[in-house]
Amino acid sequence: MQKVIECVPNFSEGQRKEVIDTIAHAIAGVEGVALLDIDPGLSTNRTIYTFVGHPQGVIEAAMAAARSAYNLIDMTRHSGEHPRIGAMDVVPFVPVQNATMADCIDIAREFADRLAMELNVPVYLYGEAQEKEYRRELSQIREGEYEALYSKIRRQEWKPDFGPGEFIPSWGATCVGARKFLIAYNVNLIGTKEQAHRIALNVREQGRSKDEPGKLKCVRGLGWWFEEGNLAQISLNLTDFEVTNIHIAYDQCVAEAELLNIGVCGSQIVGLVPLKPLLMTADYYIEKENLFILDEDQKIRLVIQRLGLNSIAPFIPKERIIEYIIREREGQEDSLVAMELKDLIKHIGARTLVPGGSCVTSLIGTLGSALSTMCALLTYGMRKWESLEKEIRTVIPPLHTATRTLMNTLDADTEALNAYLTVQKMTETNDEEKRFKQITENRCLQRCLDVSLDVARQINALWEPLQRLTPLFNVNTKADFLVGIKCLETAVYGACKRIEIFSSSISEINDGSDSLAMMIQNNYKDEANKLLTTAQKEAQTILALAEARN
């Protein structure tokens, strides 16, 4: 997997469409980069662009955007509600996939150097890219904003990290950094700008002063007037949602507003957001209100309703959640899970090794857990079985989760087997190439075996909840339940037999590791035998209990 980096540059222009579009076209024109979102604000006079790509791609796209802004934005004419220090105000780099914070620090420094060299503008590092503690926070660098930069930049302690130590009126300065994902989040108030700011001071980590810290960690905030909505907003930046998530910030703002007798009317996520914090928020409300919600899309709907995310503009998940956007952009034409059933069957029946028995094993296991879930769901929520509701609620989640995760193994196994078959075609013209090929084959083969083990382990973890479900399920679904159990047992049989046969192919490499290869083979076979024995025993017990029900 190649590294994927997110870049979220903020430009001090949110009103002139031609400028906003020109910068967008500059970003989108860079190969290997996907522009995911453009979020202009009239009252803030600021536009946030979000794009992702490989490291060099995001640097090139950020440079293309900077060149466009240099010729189109004049800070001497700018005014807006949001704090700012320059035309290209902030450029954060965020690790998304197969990338680390160290990668983003290197990228930030390379971009900052290039920006300063090419455009001859001052650049400050911030966040994880900044080593000096007194200028790590954006608020520290932007204190006094653009208007104070003329005198600030001349002081030795505020000399830029890159570029000239002089005031460039049309540009100002740019802050370039590396950080975790930042959620820009606004809570709407039927009140004044001053009241919103008062609440922001109470909740943000910095608080009012060192002697009066705020109530929420990893939160920055201020209050402003949102002209388009004719309301005030508590504008928050959640710099680490693992510490303070959206629902925590929202509840605290509501509590503060109630003390001031001010009405809260929903909230707003600015730009894009990862899926995880939304699911964390959903789980919070599900537990708090003793709800029973399993489907991801229903959880997202719950969050939208509870936080009032549609209050300013419609919150459309496929356009606002990063994972959904990337999934849509990448497409899933080659995914087995995305295939129509008739095409999958045709694919399996073709004269190719892949997809084959292991894919069918995963599919059968998925169908078995899906049937079991169906039987449980047709018992839940019906008045006739209302007395069983508490128990049924504990049984359904592991079955529902297993259906989703087992489904993913269709493609995981196919990818692993394809990799193994590809390595087998490698040339081996000398002993070194032969040894390298053997080592690589072993690793790929072990990956295939690990997927099969994963299938068997996941299914065996279901026998306990299935035993609890057996005396409870809606008896009208008895035939479906029995088929589901046999599917699960068959899937374990298929996975374990594959392990038994394929593990013997792990090569002995002529470097003194012959005994290691034999040990690995035996470990796989021993666990497979235990898993199969357990599955057959548990399935027979459950089938006997289910058959006895009338």
Side-chain angles (χ1 to χ4, degrees), residues 332-375 398-424 441 444-463 466 479-506 521 524-525 527-540 542-543:
Q332 296 190 358
E333 292 83 0
D334 298 328
S335 167
L336 295 177
V337 174
M339 278 187 184
E340 291 188 11
L341 182 58
K342 62 183 178 63
D343 293 330
L344 178 59
I345 292 172
K346 183 179 178 180
H347 207 29
I348 291 172
R351 195 171 179 268
T352 58
L353 283 172
V354 182
S358 56
C359 171
V360 173
T361 293
S362 295
L363 179 59
I364 290 173
T366 303
L367 294 174
S369 62
L371 276 172
S372 303
T373 306
M374 180 199 80
C375 296
L399 298 174
H400 180 272
T401 300
T403 302
R404 186 174 67 253
T405 55
L406 284 169
M407 194 186 306
N408 292 335
T409 60
L410 270 75
D411 286 302
D413 176 83
T414 302
E415 290 167 6
L417 187 54
N418 272 329
Y420 176 62
L421 296 175
T422 299
V423 172
Q424 284 191 314
E441 276 185 353
C444 291
L445 183 58
Q446 284 182 249
R447 173 61 184 145
C448 294
L449 298 176
D450 287 339
V451 175
S452 292
L453 273 181
D454 182 45
V455 170
R457 288 167 179 163
Q458 284 192 59
I459 293 173
N460 275 8
L462 298 178
W463 299 124
L466 286 168
D480 306 288
F481 185 80
L482 294 172
V483 172
I485 297 300
K486 288 301 291 183
C487 282
L488 292 169
E489 181 189 11
T490 302
V492 176
Y493 174 85
C496 292
K497 283 299 175 182
R498 185 189 193 215
I499 293 168
E500 179 185 317
I501 295 167
F502 274 52
S503 60
S504 299
S505 298
I506 294 177
Q521 291 176 18
Y524 276 111
K525 290 178 181 178
E527 183 169 1
N529 287 333
K530 291 175 183 176
L531 289 168
L532 181 57
T533 300
T534 298
Q536 291 173 335
K537 178 183 175 183
E538 296 289 346
Q540 291 309 308
I542 292 172
L543 288 169

Considering all heavy atoms of both residues, which atom of [X] and which atom of [Y] are nearest to each other, and what is their separation?
X      : Y      : result
Ala495 : Ser452 : CB-O, 3.5 Å
Cys496 : Leu531 : SG-CB, 3.9 Å
Ala535 : Glu489 : O-CG, 4.4 Å
Ile499 : Tyr524 : CG2-O, 3.5 Å

Contact check, side chains of [X] and [Y], non-hydrogen atoms, under 4.5 Å:
X      : Y      : result
Phe481 : Leu543 : no
Glu441 : Ser505 : no
Arg447 : Tyr420 : no
Leu453 : Leu449 : no

Rounded distance (nearest 0.5 Å) linking atom [atom1] of [X] with atom [atom2] of [Y]:
X      : Y      : atom1 : atom2 : result
Asn418 : Thr414 : CG    : OG1   : 7.0 Å
Leu445 : Gln521 : CG    : CD    : 9.0 Å
Tyr493 : Glu500 : OH    : CD    : 8.5 Å
Cys444 : Leu417 : SG    : CG    : 10.0 Å
Ser503 : Arg498 : OG    : CZ    : 11.0 Å
Thr405 : His400 : OG1   : NE2   : 10.5 Å

Going by distance alone, is a donor N or O of one side chain under 3.5 Å from an acceptor N or O of the other, for Asp454 and Gln458?
yes
Apply salt bridge (Lys or Arg N to Asp or Glu O under 4.0 Å) to the pair Glu527 and Lys530, showing each step before the final yes or no.
CA-CA 5 Å; Glu527 183 169 1; Lys530 291 175 183 176; over 6 Å; no
Compile the donor-acceptor pairs under 3.5 Å between side chains in residues 350-372 and protein atoms, sequence neighbours left out, one pair per line.
residue: Thr352; atom: OG1; partner: Val354; partner atom: O; Å: 3.0
residue: Ser358; atom: OG; partner: Asp413; partner atom: OD1; Å: 3.4
residue: Ser358; atom: OG; partner: Asp413; partner atom: OD2; Å: 2.3
residue: Thr361; atom: OG1; partner: Gly357; partner atom: O; Å: 2.9
residue: Ser362; atom: OG; partner: Ser358; partner atom: O; Å: 3.4
residue: Ser362; atom: OG; partner: Thr409; partner atom: OG1; Å: 3.0
residue: Thr366; atom: OG1; partner: Ser362; partner atom: O; Å: 2.8
residue: Thr366; atom: OG1; partner: Leu406; partner atom: O; Å: 3.4
residue: Thr366; atom: OG1; partner: Met407; partner atom: N; Å: 3.3
residue: Ser369; atom: OG; partner: Gly365; partner atom: O; Å: 3.4
residue: Ser369; atom: OG; partner: Thr366; partner atom: O; Å: 3.0
residue: Ser369; atom: OG; partner: Thr403; partner atom: OG1; Å: 3.0
residue: Ser372; atom: OG; partner: Gly368; partner atom: O; Å: 2.9

